[in-house]
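Letters go in sequence order (proteins before strands), and every chain restarts at 1. Remember, predicted model here, so these are calculated numbers, not experimental data.
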Amino acid sequence: GAVVSQHPSRVICKSGTSVKIECRSLDFQATTMFWYRQFPKQSLMLMATSNEGSKATYEQGVEKDKFLINHASLTLSTLTVTSAHPEDSSFYICSARIPGDRGWNEQFFGPGTRLTVL
Amino acid sequence: AQSVAQPEDQVNVAEGNPLTVKCTYSVSGNPYLFWYVQYPNRGLQFLLKYITGDNLVKGSYGFEAEFNKSQTSFHLKKPSALVSDSALYFCAVRVTGSQGNLIFGKGTKLSVKP
């Protein structure tokens, strides 16, 4: 099956710094990727939909200036948490779907990135 | 608004017994339903989906799910549980008219004891 990787798997940073998380589709081209956030013992909440070559679509309540998403190529989307604060500590997961698939099939998820802001 | 409900926070079963993890949904139009499993500190792994066709869907690792339109349910089942099935299970529904956006249930922790 399709493989999605994330880097880093774990990051600890100081409050006020910015952190970049990469999401890569390893064996397929992904025109659309999704970014989720998961708090402990809670479900995944969609943050934004990332489209290659265009601006991301953010879900209501997600600050686009704080969570910068760039989908510059068909295999890479990045999420940058700017001026991170402790409340941004969470598990961030990306996913991708096969091009041409209008959502009928499953998404392929990355292994997640654990962000801890001190 | 579309939503997914998993009424149980945790399900406990003994190894070898059948298991059921419940899911109900609320969508406009035809539902496209998914089950995913998550192991600790890992991303989600796809188990199975219902798009159309037979109401009983078979998926990975011996899991199956039954789509019931009248009860708006999509319960996950397995005839004989394994200790290795212990994980967090999420039911999800595709958002109508989206690019494939998913709405997830809150998750159900499955614990299988030897």
Self-check item: Aromatic ring proximity, centroids under 6.0 angstrom, F109(A) and Y36(B)
Solution: yes
Quiz item: Considering only heavy atoms from C-beta outward, does the side chain of Q107(A) approach that of L44(B) to under 4.5 Å?
Solution: no
Quiz item: Would one find more than 12 heavy atoms of other residues, nucleotides or ligands at under 6.0 Å from atom NZ of K106(B)?
Solution: yes
Quiz item: Rounded to the nearest 0.5 Å, what separation is found between the CG atom of N101(B) and the OG1 atom of T57(A)?
Solution: 8.5 Å
Quiz item: Applying the 4.5 Å side-chain criterion to the ILVMFWY set and letting contacts propagate, would W35(B) and L110(B) be lumped into a single cluster?
Solution: yes
Quiz item: Do the side chains of I93(A) and Q38(B) get nearer than 4.5 Å, heavy atoms only?
Solution: yes
Exercise. Verify the neighbour count for atom NZ of K20(A): are there more than 12 heavy atoms of other residues, nucleotides or ligands below 6.0 Å?
Key: no
Quiz item: Are F108(A) and V95(B) connected in a single hydrophobic cluster, I mean Ile/Leu/Val/Met/Phe/Trp/Tyr linked by side-chain heavy atoms less than 4.5 Å apart?
Solution: no
Quiz item: Are side-chain heavy atoms of F104(B) and Q42(A) found at a separation under 4.5 Å?
Solution: no
Quiz prompt | Region of L46(A) that comes under 4.5 Å of a non-hydrogen atom in chain B | solution = side chain
Quiz item: Looking only at atom types and distance, does a side-chain atom of S43(A) sit under 3.5 Å from a main-chain N or O of G105(B), one as donor and one as acceptor?
Solution: yes
Quiz item: If you draw a 6.0 Å radius around NE2 in H85(A), do more than 12 non-hydrogen atoms from other residues or ligands fall strictly inside?
Solution: yes
Exercise. Report yes if the side chains of L102(B) and F34(A) come closer than 4.5 Å at any heavy-atom pair, otherwise no.
Key: no
Quiz item: In this structure, are over 12 heavy atoms from other groups packed under 6.0 Å from Y39(B) atom OH?
Solution: yes
Self-check item: Hydrophobic cluster membership, F63(B) vs V11(B), 4.5 Å side-chain cutoff
Solution: yes
Exercise. Name the member of E59(A), Q38(A), R114(A), M45(A) that forms the most heavy-atom pairs with chain B at distances under 4.5 Å.
Key: Q38(A)
